[in-house]
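Below is one structure, written out as structure tokens; comments come after it.
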Protein chains: 4
Amino acid sequence: MQRLLDAGLAVFAERGYHATRVDDVVRVARTSHGTFYLYFANKEDLLRALAVDCAARLETLSGAIGPIDAGPAGFGALRAFLADFLAVYERYGPVIRAWMEGQVGDPEVDRLGLHAFAAIRSVLTDRMRTVGAVADDEVAATALMAMIERFSYVVASQRLAGDDDVVLDTVAQIVHRGFFGAPGPTPA
Amino acid sequence: MQRLLDAGLAVFAERGYHATRVDDVVRVARTSHGTFYLYFANKEDLLRALAVDCAARLETLSGAIGPIDAGPAGFGALRAFLADFLAVYERYGPVIRAWMEGQVGDPEVDRLGLHAFAAIRSVLTDRMRTVGAVADDEVAATALMAMIERFSYVVASQRLAGDDDVVLDTVAQIVHRGFFGAPGPTPA
Amino acid sequence: MQRLLDAGLAVFAERGYHATRVDDVVRVARTSHGTFYLYFANKEDLLRALAVDCAARLETLSGAIGPIDAGPAGFGALRAFLADFLAVYERYGPVIRAWMEGQVGDPEVDRLGLHAFAAIRSVLTDRMRTVGAVADDEVAATALMAMIERFSYVVASQRLAGDDDVVLDTVAQIVHRGFFGAPGPTPA
Amino acid sequence: MQRLLDAGLAVFAERGYHATRVDDVVRVARTSHGTFYLYFANKEDLLRALAVDCAARLETLSGAIGPIDAGPAGFGALRAFLADFLAVYERYGPVIRAWMEGQVGDPEVDRLGLHAFAAIRSVLTDRMRTVGAVADDEVAATALMAMIERFSYVVASQRLAGDDDVVLDTVAQIVHRGFFGAPGPTPA
DNA sequence: CATGAATGAGTGTTCATTCAT
DNA sequence: AATGAATGAACACTCATTCAT
């Protein structure tokens, strides 16, 4: 049931996965405990369902990453990817955080996360492979994902003052230069 | 008491803060429940004590950050800072993760984390202010901290294959170039 | 819920408030811990609920006290009040004892008790004020309540051998004469 | 050890027997847990020791009760007894309350209390037996003791406003008239 | 399909008691 | 005799899960 999925995301976002009680989800979804267990085997299963949705969204997103090179077009592609990722994070933040924090305990949830992130990392390393400007592509891609996740977190939770566009520009700039050594577009 | 602090870090690292039972900590420390509550008011209080220690370590660390400029000396200072942070993370990872994941609920723990990270961010933005190469210093410092924390996590949890030196070089390179636009030392 | 209230009274009566474990109440009520906490926030809350009921019963009772004078009618009114109080005590003894022993720690329970007893004391002093035969009305009313509570206790707990009617007569006699100096009805 | 006995009385008086922790007693007595268990087998044993002392005091007191008749001399004897009892209560209140509330669980404590009170009741019924003015001597004595205990409690805990002499007079008056039907001394 | 009262295993916390020093 | 750190059994309370309606 859609209302339960939405409620789950809302409560996970507010309290975190471990601290949310099924009771909270049920109350926010304006339904009953019985109904919850009609659609989900248990609390973990709700997260699993959300993880499936999120993974699908990220799949689409990673398929749409354009070639990232040292020039302005590459910068644009990178910035677009960051913006897309942020959009997914705004809805599926709790799922992505559960993946990054890696302590849910459910192997299926972990698997979905590892798979989704591996796909993105693989596309990114592929798109940026030509450069060879960094010592280790795998490390670079991991660091990049970490940075993107955190930046999405601080933006999504409004812990970072400032206009979203400037934030996106700044992060894209750092990443672009970090990976290509190119100066990138001059900051406004 | 030292045994309890060590056990706390070990179990928090393995299971995560929410999932660790006092019973686990007590078993690892080879002591009893009674003894635990002799030294700590409750589970949160153990994390608080660890947070105090960790904050002190980070305080020292942030005081030792040298000037970071576009040249090789700046690169060295940055790499040294990353290495130092990683060393702290290797012990206090669970505390730092609790801070980043921000869902412990104890205001004192939060305060310690915010304070410690603000100190580091402030030193970093100060040391790197002259450059003016990024659109927003605050955003840059936040993104930087996020990246450092995640990179420490993947290194500390051995989720990243590869020699630590190469990892440090790669991350330092990305960061240095990202913030200064300089090519940095040629990767080996 | 009614079963829990009854079980609470039964176990409080048998073991005393402090010594009763929630487990006892639950076992007597033939229900589970979960159900207990569904209806009551904690053990104190159960006592509180009982205290509310008891206070209501005493409220009714104190409203029904007739004018108590030196004559046979006054004696009858007093005896009737004692009998009524005893009836309430037979069910709510543990609550009344908790009030008299005054060591529950819950301000709301204390408030209910003080209020209920103040109401009775106030009616009694009012009804008996005309006499002026005692040095201090407030002291007299307090001593009277104490005597009534204890007498109820020993009767309710069968610690006093003898027919209830004789006991009632004896106490009413002592009280009536104590307050009015009148000989009262000749003991049978 | 005397300091432990004193501390026990102090803490029992403040918190009640069930709610006092050995730790409190030890802290007030400025000694250690080890020392406590050097002198007393357990917490109950402390109460038992205090009960022995209190019983001895009451023994003395009950031996000193003079003949109580309807005249002024009887009133004086009664008032003197009340004053003596109050003096004992001021120190041993917690013990007497433990006896009256009858829920300590230790048979020896109960036995001491029952014995001490039985002695007083027996002396009182003996001293007042000649009168024959009440329906049941045993009931009368029980009610009397109850009244005395409560009156001592409210006086000792300063829950009753007013000069102690007036309180003593009032209670003695009520009791004297209650048991003898005599008007007693005119209140001042 | 939907409900929500009932359940009880699991966990945090307390505190009387012990014993090595 | 005195200490106080250590113990663990006992208890209060929570919350994911079930099932009769």
Side-chain angles (χ1 to χ4, degrees), chain A residues 1 3-4 11 15 17-27 29-47 105, chain B residues 1 3-4 15 17-27 29-47, chain C residues 1 3-4 15 17-27 29-46, chain D residues 1 3-4 8 11 15 17-27 29-47 105:
Chain A
M1 200 188 204
R3 284 227 308 286
L4 280 167
V11 184
R15 300 222 208 298
Y17 174 72
H18 272 109
T20 76
R21 291 161 292 145
V22 172
D23 193 67
D24 298 325
V25 177
V26 152
R27 194 176 325 103
R30 296 184 179 227
T31 181
S32 65
H33 283 222
T35 302
F36 180 95
Y37 285 92
L38 214 56
Y39 290 97
F40 305 101
N42 47 44
K43 196 173 78 162
E44 234 161 18
D45 195 40
L46 170 59
L47 184 64
Chain B
M1 160 129 174
R3 284 224 308 285
L4 281 167
R15 301 223 206 298
Y17 174 73
H18 274 109
T20 75
R21 291 162 291 140
V22 172
D23 195 64
D24 298 325
V25 177
V26 153
R27 194 176 327 103
R30 295 183 178 229
T31 182
S32 66
H33 280 222
T35 301
F36 180 94
Y37 286 95
L38 203 59
Y39 292 101
F40 305 102
N42 46 44
K43 197 173 74 163
E44 224 163 77
D45 194 39
L46 171 59
L47 183 65
Chain C
M1 161 127 176
R3 284 223 310 284
L4 281 167
R15 300 223 207 295
Y17 173 72
H18 274 109
T20 74
R21 290 162 291 141
V22 173
D23 194 65
D24 298 327
V25 177
V26 153
R27 193 174 328 102
R30 295 183 178 229
T31 181
S32 65
H33 280 225
T35 301
F36 181 93
Y37 287 95
L38 203 59
Y39 292 101
F40 305 102
N42 46 45
K43 198 172 73 163
E44 225 163 76
D45 195 40
L46 170 59
Chain D
M1 197 184 204
R3 285 227 307 286
L4 281 167
V11 183
R15 301 222 208 299
Y17 174 73
H18 273 109
T20 75
R21 290 161 292 146
V22 172
D23 192 68
D24 297 326
V25 176
V26 153
R27 195 178 323 104
R30 296 184 180 227
T31 181
S32 66
H33 282 223
T35 301
F36 181 94
Y37 285 92
L38 213 57
Y39 291 98
F40 304 101
N42 47 44
K43 196 173 78 162
E44 234 162 19
D45 193 40
L46 169 60
L47 184 65

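Proteins get letters first, then strands, A, B, ... in listed order; numbering begins at 1 in each. Only heavy atoms go into these numbers, but all of them, side chains included; no hydrogens, no water, no symmetry mates.
- In terms of modelled atom types and a separation under 3.5 Å, the side chain of B/Asp24 and the main chain of B/Arg21 share a donor-acceptor contact.
- Judged by the 6.0 Å distance and 45° axis criteria, B/Lys43 is not positioned over the aromatic ring of B/Phe36.
- In terms of position along DNA chain F, the nucleotide closest to B/His33 lies nearer the 5' end than the nucleotide closest to the other residue of the pair B/His33 and C/Val22.
- Side-chain atoms of C/Arg3 come within 3.5 Å of backbone N or O of C/Ala29 as a donor-acceptor pair.
- The 5' end of DNA chain F is approached more closely, in terms of each residue's nearest nucleotide, by B/Arg30 than by the other of B/Arg30 and C/Asp23.
- Residue D/Tyr39 is in sugar-phosphate contact alone, with no base atom involved, counting any heavy-atom pair closer than 4.0 Å across all strands shown.
- In this entry E/dT21 has F/dA2 as its Watson-Crick or G-U wobble partner, both defining distances falling under 3.5 Å.
- A distance of 8.0 Å separates CZ in C/Arg27 from NE2 in C/His33, rounded to the nearest 0.5 Å.
- Here the range on DNA chain F touched by chain A, meaning any atom under 4.0 Å from one of its heavy atoms, is F/dC15 to F/dC19.
- Shown here for D/Leu4 and D/Leu46, the closest heavy-atom pair between the two residues is O-CD1, 4.1 Å.
- Comparing B/Glu44 and D/Glu44 by the nucleotide of DNA chain E whose heavy atom lies nearest to each, the residue mapping closer to the 5' end is B/Glu44.
- In this structure, the side chains of A/Glu44 and A/Tyr17 come closer than 4.5 Å at one or more pairs of heavy atoms.
- The nucleotide whose nearest atom lies closest to any side-chain atom of C/Ser32 is, among E/dG8, E/dA2, E/dG12, E/dG8.
- Of all nucleotides present, only F/dC15 satisfies the Watson-Crick or G-U wobble test against E/dG8, with each distance under 3.5 Å.
- If you measure from atom CZ of D/Phe40 to atom P of E/dC15, you get 21 Å, rounded to the nearest angstrom.
- For A/Leu38, the side-chain atoms get nearest to E/dC1 when compared with the rest of E/dC1, E/dC15, E/dG4.
- Set against E/dT13, E/dT7, E/dC15, the side chain of D/Arg21 has E/dC15 as its closest nucleotide.
- One interatomic measurement links the two molecules: NE2 of A/His18 to C1' of E/dT11, which rounds to 14 Å at whole-angstrom precision.
- Following rounding to the nearest Å, D/Asn42 (CG) and E/dC15 (P) show an atom-to-atom distance of 17 Å.
- Straight-line distance from the CZ atom of A/Arg27 to the C1' atom of E/dT3: 16 Å, rounded to whole Å.
- Separation of atoms CG (D/Leu38) and OG1 (D/Thr31) is listed at 9.0 Å; rounding is to 0.5 Å.
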